[in-house]
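All remarks here apply to the structure that follows.
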Amino acid sequence: MRRFPLRRERIGVQLATDHPLAAEAEIEIDAAATYPVRMHDRDANPAVHDQLTALLRAAGREPRFHTPALSFDIVQRDLRDRATVSLAGAAALSTPVAGLTRRPLRGTPALTIYLVLPREQSPLHRRIRSAAKDLAHELGWLR
């Protein structure tokens, strides 16, 4: 498999609007890491899982992950308990959910989203890669 960067976005914390950290304009990674972090299983997306795990460990915290029972829950019930947070890129803002908010993490690196394709690429793979690259540049995702 080969990875091609498509988007870099600032990492933030998604949490309940009445969560104690929601009052902050920006959240320190150390403060966010005191709560269980909602995270999918590593097998579902190793690149993102590894980036976020490394971020937490670099802050001196061994991550405590909460893996939700549902792989996709549009209302994100697990964040409403005020005890769990989620690390999320700016894309989390594209679909606002009532009762949840997102705050940026202070001083953290950007999260990189990759297009993953087979090492040996067919003409179709190359066309997909070209279209994805053009779109990423058009939308300013790789600045």
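We use all heavy atoms of the structure for the numbers below, so side chains are in, but hydrogens, waters and symmetry mates are not.
- Residues Asp81 and Thr84 have side chains that bring a donor and an acceptor to within less than 3.5 angstrom of each other.
- Legend: residues meeting salt bridge (charged side-chain N to carboxylate O under 4.0 Å, His left out) with Arg103, ordered by chain and number and at least two apart, are absent.
- Under the ring pair (Phe, Tyr, Trp, His ring centres under 6.0 Å) criterion, Phe65 pairs with His49, sequence neighbours left out.
- Here the side chain of Asp43 pairs no donor or acceptor atom with the backbone of Pro46 at under 3.5 angstrom.
- The minimum heavy-atom distance between Ala47 and Arg3, with the atom names listed, is CB-NH1, 3.5 Å.
- Considering CG of Leu115 and CZ of Arg2, their distance stands at 10.5 Å, rounded to 0.5 Å.
- Side chains of Leu79 and Arg38 form a contact here, defined as non-hydrogen atoms less than 4.5 Å apart.
- Between Val37 and Arg64 there is no side-chain heavy-atom pair separated by less than 4.5 Å.
- Tracing side-chain contacts under 4.5 Å through hydrophobic residues (I, L, V, M, F, W, Y), one reaches Val48 starting from Ile29; they form part of the same cluster.
- Using a distance-only test at 3.5 Å, with no hydrogens or angles considered, no donor-acceptor pair links the side chain of Thr17 to the main chain of Leu100.
- In terms of hydrophobic clustering, with Ile, Leu, Val, Met, Phe, Trp and Tyr side chains grouped at heavy-atom distances under 4.5 Å, Phe4 and Leu6 are assigned to a common cluster.
- Between Leu87 and Leu105, some side-chain heavy-atom pair lies under the 4.5 Å cut-off.
- Residues Leu15 and Ile27 are in side-chain contact: their nearest non-hydrogen atoms beyond the backbone lie under 4.5 Å apart.
- Put simply, OG on Ser86 and NE2 on His66 are 9.5 Å apart, with the number rounded to the nearest 0.5 Å.
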For residues 19-26, dump all side-chain donor-acceptor pairs below 3.5 Å to protein atoms at least two apart in sequence or in another chain.
{"from": "His19", "atom 1": "ND1", "to": "Leu21", "atom 2": "N", "distance (Å)": "3.0"}
{"from": "His19", "atom 1": "NE2", "to": "Arg82", "atom 2": "O", "distance (Å)": "3.3"}
{"from": "Glu26", "atom 1": "OE1", "to": "Arg106", "atom 2": "NE", "distance (Å)": "3.2"}
{"from": "Glu26", "atom 1": "OE2", "to": "Arg10", "atom 2": "NH2", "distance (Å)": "2.5"}

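- Looking only at side-chain heavy atoms (C-beta outward), Leu117 and Arg129 come within less than 4.5 Å of each other.
- No side-chain heavy atom of Thr67 sits less than 4.5 Å from a side-chain heavy atom of His40.
- Residues passing the side chain to side chain donor-acceptor pair (under 3.5 Å) test with His125 are Ser122, sequence neighbours excluded.
- Shortest non-hydrogen contact noted between Gln121 and Pro118 is CG-O, 3.1 Å.
- Applying the salt bridge (charged side-chain N to carboxylate O under 4.0 Å, His left out) test to Glu138 and every residue at least two apart in sequence or in another chain returns nothing.
- Contact of the Leu52 side chain with the Leu111 side chain is registered, since non-hydrogen atoms from C-beta on lie closer than 4.5 Å.
- Remark: Arg126 engages no residue in a salt bridge (charged side-chain N to carboxylate O under 4.0 Å, His left out) (not counting sequence neighbours).
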### Task
Go through Arg61 and Thr34 one step at a time and tell me if the side-chain contact (heavy atoms from CB on, under 4.5 Å) criterion holds.
CA-CA 8 Å; Arg61 295 284 187 161; Thr34 62; 3.2 Å; yes
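- Here the shortest heavy-atom pairing between Ala83 and Tyr35 reads O-CD2, 3.5 Å.
- Formation of a donor-acceptor pair under 3.5 Å by the Gln51 side chain with backbone atoms of Thr112 is found in this model.
- Between Ala33 and Leu56, the shortest heavy-atom contact is CB-CD2, 3.8 Å.
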